[in-house]
Structures are given as C-alpha cells and as structure tokens.
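Taking it in order: structure first as structure tokens, then the write-up.
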Amino acid sequence: MTRIIALAAAAAACLIGQAAFAHAFLDRASPPVGSEVSGSPPALSLTYTEAVEPFFSTIKVTDANGGRVDDGKPAPQDDGRILSVKLKPLPPGEYHVEWHVTSVDTHKTEGHFTFTVKP
C-alpha cells in the first residue's frame, strides 16, 4: 500500500512539473508552414498550444529582399491561442515568417518558417 501511495505521489509531481514548465509552441499556421499558396493571403494566423500575451508577442513577415509585408500588430483570437496579422498584397515569391511569443505563464518561445505565393 505504501508503494502505491509513493507511485501516486511521484506521478502527481510529474504532472505538476509539466504544467509548471509549459510553453506556447506553434501548433499550426495559415498559410501552412512551407506551403505554396495560390494568390495573396489577406492575413497570416498562427495557432499556439496555449494562450500568449499579445502585448509581448510579435510576428514579422518579410519578402525575399527583407522588406516587411505584415500590416499592423498581431491581433489575438480564441482566448489568446491564435495571433493573426494582416498582410499587404503579396506578389509571387517566397516569404519568411519570424515569430516571438510570451505565453501567459511568461515563458518565451520563438520560431521561423517560410511559405510561397505561386503566380
């Protein structure tokens, strides 16, 4: 019986530890990571595994020459799990997305990816 209690306590400690070290990781993107899309998307939406603080989060979208093509600040949706930023009209080419977010538990994550607009 003592062993069962000890195992249960260890399992609970692991679960609590995982929750304490949670981070907001990129779950999906629209346009999708590495995708080729037909036509200029009006916005870029990034969905995270947990809510993020929009005030401390950024999304930068650039063209092949490094010029900014995002238009405005990211707007939160779905209780902060989604950040969406408007895009300027995009001609055909490859675009680079760089994101930095701070989750509601103050952990920071970042990443980058590309997508291509087809002619």
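The figures that follow rest on heavy atoms only: side chains count, while hydrogens, waters and symmetry mates do not. Positions are given from 1, in the same order as the sequence printed here. Just so it is clear, the model here is predicted, and its values are computed rather than measured.
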Which atom pairs, one a donor and one an acceptor, fall under 3.5 Å between side chains of residues 29-47 and the rest of the protein, sequence neighbours left out?
from: Ser35; atom 1: OG; to: Pro32; atom 2: O; distance (Å): 2.7
from: Ser40; atom 1: OG; to: Leu90; atom 2: N; distance (Å): 2.7
from: Ser45; atom 1: OG; to: Ser84; atom 2: OG; distance (Å): 3.1

Checklist entry - Can you list every pair that meets ring pair (Phe, Tyr, Trp, His ring centres under 6.0 Å) and has a residue in residues 38-86, with sequence neighbours left out? => result Tyr48-Trp99
Item to check | Gap separating the CG atom of Asp63 from the NE2 atom of His96, nearest 0.5 angstrom | outcome: 11.5 Å
Item to check | Contacts of type side-chain contact (heavy atoms from CB on, under 4.5 Å), residue Lys60, not counting sequence neighbours | outcome: Thr62, Arg68, Asp70, Glu98
Next on the checklist: Taking side-chain contact (heavy atoms from CB on, under 4.5 Å) as the definition, give me every residue that meets it alongside Pro54, ordered by chain and number, with sequence neighbours left out.
Outcome noted: Pro76, Leu83
Checklist entry - Excluding sequence neighbours, so at least two apart, what forms salt bridge (charged side-chain N to carboxylate O under 4.0 Å, His left out) with Asp27? => result none
Next on the checklist: Tell me the closest heavy-atom pair linking Glu53 and Ser103, and the distance in Å.
Outcome noted: CG-O, 4.1 Å
Checklist entry - Checking side-chain contact (heavy atoms from CB on, under 4.5 Å) against Val97, which of Val69, Ile59, Val85 comes through? => result Ile59
Only distances under 3.5 Å count here; give the side-chain donor-acceptor pairs of residues 110-119 to other protein atoms, sequence neighbours excluded, each with its distance to 0.1 Å.
from: Glu110; atom 1: OE1; to: His100; atom 2: ND1; distance (Å): 3.3

Checklist entry - Val104, Val52: one ILVMFWY side-chain cluster at the under-4.5 Å cut-off? => result no
